[in-house]
Amino acid sequence: MQSGEGHGHKGQSGQGVDKRMKSDLEDRQQIAGQLSHIGHKILVLSGKGGVGKSTVAANLALFLGTQSKKVGLLDIDIHGPSIPKLLGLESARAEGSEQKILPVSVGENLKVMSIGFLLDRNDTAVIWRGPMKYGVIKQFLKDVRWGDLDYLIVDSPPGTGDEPLSVAQLIQDADGAIIVTTPQELSLIDVRKCINFCEKLSLPVIGVVENMSGFVCPNCGARVDIFKAGGGARMARELHVPYLGSIPIDPAIVVASDAGRPLATEAQGSGAAAAFAQIAKGVLEYRPGRAASVPEWLRGGSGITVKPQTSVSETNHKEDQMRVAIPIVGGKLSPHFGHCEQFAIFGVDKANGHITGPEMLDAPPHEPGLLPRWLGEHSVNVIISGGMGSRAKRLFDEQNIEVIVGVSSDEPKALIEAYAAGSLTSGENICDH
Ligand code: ADP
């Protein structure tokens, strides 16, 4: 081989690479331009399929719509687009011309776009090769004309592989991600991977959602934790990312989504609908902050150990900051939770044991179900209590408020100091009726 040939050949392929990089850059700029009229872009991720990612994305979009927000819902799950089915839009097809696709309007405030709208048939299995997948995702982001939106909710492909990676990289200024999980250990391992994925991309985690978290029997009202419960909240706490809430297993979700009528509009009084509303509230309150910088220990690493994502927790709430409520009667911990006159609310920084407060609040009237809501509204996440009825305890569990029962009556200052020092002793629940 003559040396000139070699160089010439290398030069051409080098030019090819340059050209491809230039066109990719132009595409990314076009995508940024296309999405520039959108206030907030939120990715919905999950470690694996089947955990309810699309259900959460669809209901979140609908709830935001009910709050008079202009919302777009983008289903970019190229292998299993399920948004058309969930919203009863299976026969809808995207309109537009070349390089311009118009989303489908649902009611006044929601626009929907799904890869499913571009397929000839809903049951067609799509086989895309690697580079094609990237091309399709890119094309899709570039060509859909959303117009002005307050929120774009993106139902991303499941997992932490190339496809969600393409989506996260192409939507460059996303506010952050919501990670959906179910309570089983296997799903929780995937949550770690998802959080790691977000950290590597400097994509803030808006919060973790635990779906299929317990089942409330429609006949007797008893709660059964079929897949366990509370693992998502625990994992979020351990990994220092915010927790947005849990959604119970609800047969109404299956019936509604199989019929193409989303729960948000179908069963507004149900526990699951209330859970979606709470999650949507958390999203509305979220203020995007500085993207988390990629820490040294994560660069190039592929392990699943995740360390605190401080900048994200700073923007929402610090997971180390506990708000601890102690029910008080006669200046001491009330032996019976329901008989307390006041609540002493302390702040405890678990990282350094620093205590603030107390804030003394008069207990609200003794109405069923009121206290868990009231304490939740005061951002309480731990209750130190003497005895507590099992129903009240269950309601606090549902709100992800930890209850320490069986603590003997003492002055609140002594109790909170023991709690902060990790030496608080609890015993039998003396009021388990
Ligand atoms: P993913 O997007 O993660 O693959 P989907 O949102 O498509 O999951 O949900 C999978 C199935 O589970 C759907 O049939 C949906 O109706 C059902 N489902 C999701 N969440 C719940 C829930 N909390 N209770 C009952 N069924 C649910």
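One-based numbering, in listed order, for ligands and for the atoms of each. Side chains are part of it too, since the values below use all heavy atoms of this structure and drop only hydrogens, waters and symmetry mates.
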- Task: Decide, yes or no, whether a salt bridge links Lys193 with Asp190 under the criterion of side-chain N to carboxylate O below 4.0 Å.
- Result: yes
- Message: Any carboxylate oxygen within less than 4.0 angstrom of a Lys/Arg side-chain nitrogen, looking at Lys142 and Glu26?
- Response: no
- Looking only at protein heavy atoms, what sits closest to atom 24 (N) of ligand 1 is Asp250 N, 3.0 Å
- Note on the structure: shortest atom 13 (C) of ligand 1-to-protein heavy-atom contact is with Thr55 OG1, 4.6 Å
- Determine whether the side chain, the backbone, both or neither of Asp77 has a heavy atom under 4.0 Å from any heavy atom of ligand 1. neither
- Does ligand 1 have any atom sitting under 4.0 Å from a heavy atom of Ala272? no
- Query: Touching ligand 1 at all, Pro248? Heavy atoms, strictly under 4.0 Å?
  - Reply: yes
- Could you check which of Asp75, Asn211, Ile253 puts a non-hydrogen atom nearest to atom 20 (N) of ligand 1? Asn211
- Search all heavy atoms of Leu45 against all heavy atoms of Cys198 and return the closest pair with its distance. CD1-SG, 3.8 Å
- State the CH2-CG distance between Trp146 and Leu152, to the nearest 0.5 angstrom. 5.5 Å
- Distance from Tyr134 atom OH to Leu170 atom CG, nearest 0.5 Å? 4.5 Å
- Answer yes if a protein heavy atom lies under 4.0 Å from atom 11 (C) of ligand 1, otherwise answer no. no
